[in-house]
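Remarks on the structure that follows.
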Amino acid sequence: MIWYPYQQMKTMKEPYKIIDAEGVYLKTEEREMIDSISSWWSVIHGYKHPALTEAIKYQADHFCHVMLGGLTHEPVQRLADKLKSFLPGDLDYSFFSDSGSVAVEVALKMALQYYVNQGEMERTKILSLTHAYHGDTFKTMEVGDDEDYHFILEAYGEKKDVIHVPTQIPALEQAFERYHRELNCFIVEPLLQGAGGMRMYDSSFLVRARELCDRYDVLLIFDEVATGFGRTGNRFVADLVQPDILVLGKALTGGYIGHAVTVANRKVYHGFYSDDADKALMHGPTFMGNALACSVALKSIELFEQENYMSKISRIEEITRREMTGFTDDRIREVRIMGGCVCVEVKDGAVLRGYQQFAYERGIFSRPFLNCMYAMVPYIIAEEELVRVLDTMKEWFT
Ligand SMILES: *Cc1c(COP(=O)(O)O)cnc(C)c1O
């Protein structure tokens, strides 16, 4: 018996059973449908991409996995080298793990231990955004801010060491003034807050955050598990404003195998680099640096560069803006577009009940949540396919 995610099993509607997938299409016995949300925002090259499948097959013929404790291998070395050159500035030190949540845990553990290693024991507080989502493990739930996910935490008492701020500069400045002596790090989903409701904000907020972090010596963490690899219309938001620690997941492997990475800059890495064994980072997920995952991630990044994915993403944004211009309805609060993400936020989430089936019958897979009907399509989508996705969203309101 499968226990499905985020579902009341008693009332859950039967999931669609996928028997094959290719390009932007998922296939059931009954029909083909465009995956308008890229399997939780990860499958940026679409399904059954020959080069990605080949990378996995090639590696599987050698070995699928060896542990990274005391061993190393070419796919993980090549991926770390690639990330070093692909990522901005001195974000050069890659710590791999098996999922985004774990990679965020690693980032927080790095930040907390960074100050302990320097003998600064008072810096225990973490600043994060209201409506933040950073994963489903315990510490990530704690820095997150979403009742749907986090009611369980309340049973364990108040969050002592987490402070939430909205994405407004005056509130951020106040939080820094008030807490800077105890502040350890500021963790954000930069520009686009995903699971907290597809909320978009301006880069000036991040520029100010960087200044404040520098002034008060607080580490800045970007959780780009969702935004990395072009989703906001930037390769990484870290290209605009550089964090001290960057977390990537989801699209890292093109969505082919679960893997994630926590990338530290030189300053953070050197906070651990020492003759003192106690200053080491004591972490090591069993499947970190998995050889299949690293091989496919490497190929995914090569495709991203060689086939100029950034221009594909700006095309998606252009088409989306063109198609959504002038579209309004009384039930809609706002239509938001950023890069390869479009969100139609409704005033009352009940308005979206039944939309998934409606879309399915029109050959689109969609999964609205909270007050959000949204699309985050694979970047290889053709214009007419994207238009079909957007038309279906609009059609629901007419
Ligand atoms: C999905 C997501 C995570 C969690 O990643 P998992 O691989 O599901 O553990 C963390 N942060 C953000 C911003 C995400 O979108």
Side-chain angles (χ1 to χ4, degrees), residues 3-7 35 37-44 95-111 126-146 148-150 153 162 164 167 185-201 206 209 220-232 234 236-238 243 245-263 283 285-290 293-294 296-297 300 338-341 343 367-370 372 374-376:
W3 196 332
Y4 284 94
Y6 306 123
Q7 291 286 349
D35 182 357
I37 59 168
S38 306
S39 272
W40 270 332
W41 328 340
S42 66
V43 184
I44 56 175
F95 191 98
F96 294 98
S97 46
D98 32 28
S99 74
S101 301
V102 173
V104 173
E105 296 277 346
V106 170
L108 295 170
K109 195 162 160 181
M110 262 181 197
I126 298 170
L127 192 62
S128 88
L129 296 178
T130 46
H131 306 292
Y133 175 82
H134 295 291
D136 289 347
T137 55
F138 262 76
K139 195 68 187 174
T140 64
M141 284 197 291
E142 204 181 327
V143 297
D145 176 38
D146 189 318
D148 275 356
Y149 303 107
H150 304 116
L153 271 186
V162 178
H164 293 293
T167 50
C185 59
F186 180 29
I187 181 166
V188 296
E189 293 160 90
L191 295 190
L192 170 62
Q193 296 186 273
M198 299 294 167
R199 292 159 195 274
M200 298 168 186
Y201 61 92
L206 298 172
L220 181 60
I221 304 174
F222 278 6
D223 176 353
E224 293 215 52
V225 170
T227 57
F229 299 98
R231 191 53 73 180
T232 65
N234 306 282
F236 302 94
V237 183
I245 301 174
L246 172 65
V247 187
L248 301 174
K250 292 196 165 96
L252 173 67
T253 62
Y256 278 57
I257 300 178
H259 221 64
V261 63
T262 309
V263 189
H283 208 96
T286 304
F287 292 108
M288 72 183 288
N290 174 270
C294 291
V296 74
S300 168
M338 182 186 275
C341 175
C343 172
R367 192 174 180 280
F369 68 100
L370 303 173
C372 301
Y374 76 99
M376 287 208 197

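Numbering of ligands and ligand atoms starts at 1, following listing order.
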Enumerate, one pair per line, all nitrogen or oxygen atoms of ligand 1 lying under 3.5 Å from a protein nitrogen or oxygen, stating the separation to 0.1 Å; write 'none' if no such pair exists.
{"residue": "ligand 1", "atom": "5 (O)", "partner": "S101", "partner atom": "N", "Å": "3.4"}
{"residue": "ligand 1", "atom": "7 (O)", "partner": "G100", "partner atom": "N", "Å": "2.8"}
{"residue": "ligand 1", "atom": "9 (O)", "partner": "G100", "partner atom": "N", "Å": "3.4"}
{"residue": "ligand 1", "atom": "9 (O)", "partner": "S101", "partner atom": "N", "Å": "2.7"}
{"residue": "ligand 1", "atom": "9 (O)", "partner": "S101", "partner atom": "OG", "Å": "2.6"}
{"residue": "ligand 1", "atom": "11 (N)", "partner": "D223", "partner atom": "OD1", "Å": "3.4"}
{"residue": "ligand 1", "atom": "11 (N)", "partner": "D223", "partner atom": "OD2", "Å": "2.7"}
{"residue": "ligand 1", "atom": "15 (O)", "partner": "K250", "partner atom": "NZ", "Å": "2.6"}

Quiz item: Atom NE2 of H283 and atom CE of M288: how far apart are they, to the nearest 0.5 Å?
Solution: 8.0 Å
Quiz item: To the nearest 0.5 Å, how far apart are CG in L192 and CE in M338?
Solution: 6.0 Å
Exercise. Please round to the nearest 0.5 Å and tell me the distance separating atom CZ of F138 and atom CD of E105.
Key: 10.5 Å
Exercise. Please determine, by modelled atom types, if S128 and H164 share a side-chain donor-acceptor pair under 3.5 angstrom.
Key: yes
Quiz item: When rounded to the nearest 0.5 angstrom, what distance separates CZ in F236 from CG in L246?
Solution: 7.0 Å
Quiz item: Rounded to the nearest 0.5 Å, how far does CZ of R231 lie from CD of E224?
Solution: 13.0 Å
